[in-house]
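Quick notes on the structure that follows.
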Amino acid sequence: GNSVTQMEGPVTLSEEAFLTINCTYTATGYPSLFWYVQYPGEGLQLLLKATKADDKGSNKGFEATYRKETTSFHLEKGSVQVSDSAVYFCALVPSGGYQKVTFGIGTKLQVIP
Amino acid sequence: GAVVSQHPSRVICKSGTSVKIECRSLDFQATTMFWYRQFPKQSLMLMATSNEGSKATYEQGVEKDKFLINHASLTLSTLTVTSAHPEDSSFYICSAQDGMGGETQYFGPGTRLLVL
């Protein structure tokens, strides 16, 4: 079946540090890949997505590139801010219409001033 | 962008009562909606897939008679927790896919349920 493996947190960084959260997946075919962010006490917000190999999703300074050869979709940001503190979920949806989302376990990021 | 709302955002109820949670897609039609449950510091657990005009599809281990799902229109799905017990206390989140078959799911802000 499909699966998403995400690095366990928490990840604690100082403000302006470089962020990488690793995500790898297992799926047949060509799934779409997503990063969602969840702020404390809130639902999930779509951060970025990529729907085919070598696509790069980007939003709010975050980036992730769909790497088919390594089955990875690592999230990166060059300079994190305190306001980026949240839980980040990597997810995939198999290709072909309405399909269930498979989530990673979530990585908590804490940015300290 | 696509917006999904949930109501209520927070509810406290007595054990044995039923609670209804609404999930609405505000600016798009959602043939399919999903209901998740999230325990503290954990990922989302899919409970059921709600299809407009037909019965919901429940995940293994989810009691369909306890968690009633109705998807009466293309913009509204409801989850009713019947005869709630303290162990049903959780964060419930819905999501919706637009009717054009896109892969992206848009999530509601969640409903925090506390059963006393």
Side-chain angles (χ1 to χ4, degrees), chain A residues 1-11 21 23 25 27 29-52 55 57 59-60 66 73 86-110, chain B residues 1-10 21 23-24 29-52 54 56-60 62 71 90-114:
Chain A
N2 301 323
S3 68
V4 175
T5 301
Q6 198 174 336
M7 61 188 296
E8 291 197 36
V11 174
I21 300 178
C23 171
Y25 68 91
Y30 296 89
S32 294
L33 303 175
F34 303 82
W35 277 100
Y36 286 90
V37 58
Q38 185 178 33
Y39 297 101
E42 299 184 12
L44 271 67
Q45 298 177 24
L46 177 64
L47 182 60
L48 53 84
K49 69 176 183 180
T51 58
K52 61 181 187 295
D55 267 2
N59 185 25
K60 299 180 181 179
Y66 189 143
F73 193 54
V87 179
Y88 292 82
F89 292 93
C90 185
L92 72 81
V93 174
S95 57
Y98 301 107
Q99 301 278 1
K100 302 173 189 178
V101 180
T102 299
F103 285 96
I105 61 171
T107 301
K108 183 176 181 179
L109 170 65
Q110 186 171 15
Chain B
V3 179
V4 175
S5 70
Q6 273 183 250
H7 179 79
S9 59
R10 183 183 297 265
I21 302 170
C23 176
R24 293 181 184 274
Q29 294 185 330
T31 306
T32 303
M33 290 184 171
F34 301 86
W35 286 96
Y36 297 85
R37 184 172 179 177
Q38 186 180 33
F39 293 99
K41 300 182 180 180
Q42 294 189 25
S43 190
L44 282 70
M45 180 191 79
L46 180 65
M47 298 175 66
T49 302
S50 170
N51 300 298
E52 187 267 336
S54 64
T57 304
Y58 289 83
E59 295 299 300
Q60 192 172 7
V62 178
H71 194 154
S90 192
F91 194 52
Y92 293 88
I93 305 176
C94 72
S95 71
Q97 278 182 298
D98 66 53
M100 300 304 290
E103 303 92 347
T104 304
Q105 288 191 20
Y106 300 94
F107 286 80
T111 297
R112 174 106 23 222
L113 170 64
L114 176 61

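Hydrogens, waters and symmetry mates play no part in the numbers below; they use all other heavy atoms, side chains included. Naming: A, B, ... by sequence-line order, numbering from 1 per chain.
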(request) Heavy atoms only, distances under 4.5 angstrom: which of Val4(B), Leu44(B), Ile93(B) has the most pairs with chain A? Name it, please. (result) Leu44(B)

(message) If I compare all heavy atoms of Gly104(A) with all of Ser43(B), which pair ends up nearest, and what's the gap?
(response) O-OG, 2.8 Å

(message) Is Gln6(B) in contact with chain A via its backbone, its side chain, both, or neither, using a 4.5 Å heavy-atom distance?
(response) neither

(request) Could you look at Gln45(A) and say if it's the side chain, the backbone, both or neither that has a heavy atom under 4.5 Å from chain B? (result) neither

(message) Tell me whether Tyr30(A) at atom OH has more than 12 heavy atoms from other residues, nucleotides or ligands lying less than 6.0 Å away.
(response) no

(request) Return the minimal non-hydrogen interatomic distance between Leu44(A) and Phe107(B), and the atom names on each side. (result) O-CB, 3.3 Å

(message) Within the supplied structure, the quantity of interest is the number of heavy atoms (other residues, nucleotides, ligands) at a distance under 6.0 Å from Gln42(B) CD; does it exceed 12?
(response) yes

(message) I'd like to know if the side chain of Lys100(A) pairs up with that of Thr49(B) as donor and acceptor (distance under 3.5 Å, no hydrogens or angles considered).
(response) no

(message) Quick check: closest heavy atoms across Gly43(A) and Phe91(B), and the distance to 0.1 Å?
(response) N-CZ, 4.3 Å

(request) Could you tell me whether the side chain of Gln105(B) reaches within less than 4.5 Å of the side chain of Tyr36(A), counting heavy atoms only? (result) yes

(request) To the nearest 0.5 Å, tell me how far Met45(B) CE sits from Phe103(A) CZ. (result) 13.0 Å

(request) Dump the intermediate steps for side chain to side chain contact (heavy atoms under 4.5 Å, CB included) on Phe34(B) and Val101(A), then the final yes or no. (result) CA-CA 9 Å; Phe34(B) 301 86; Val101(A) 180; 6.0 Å; no

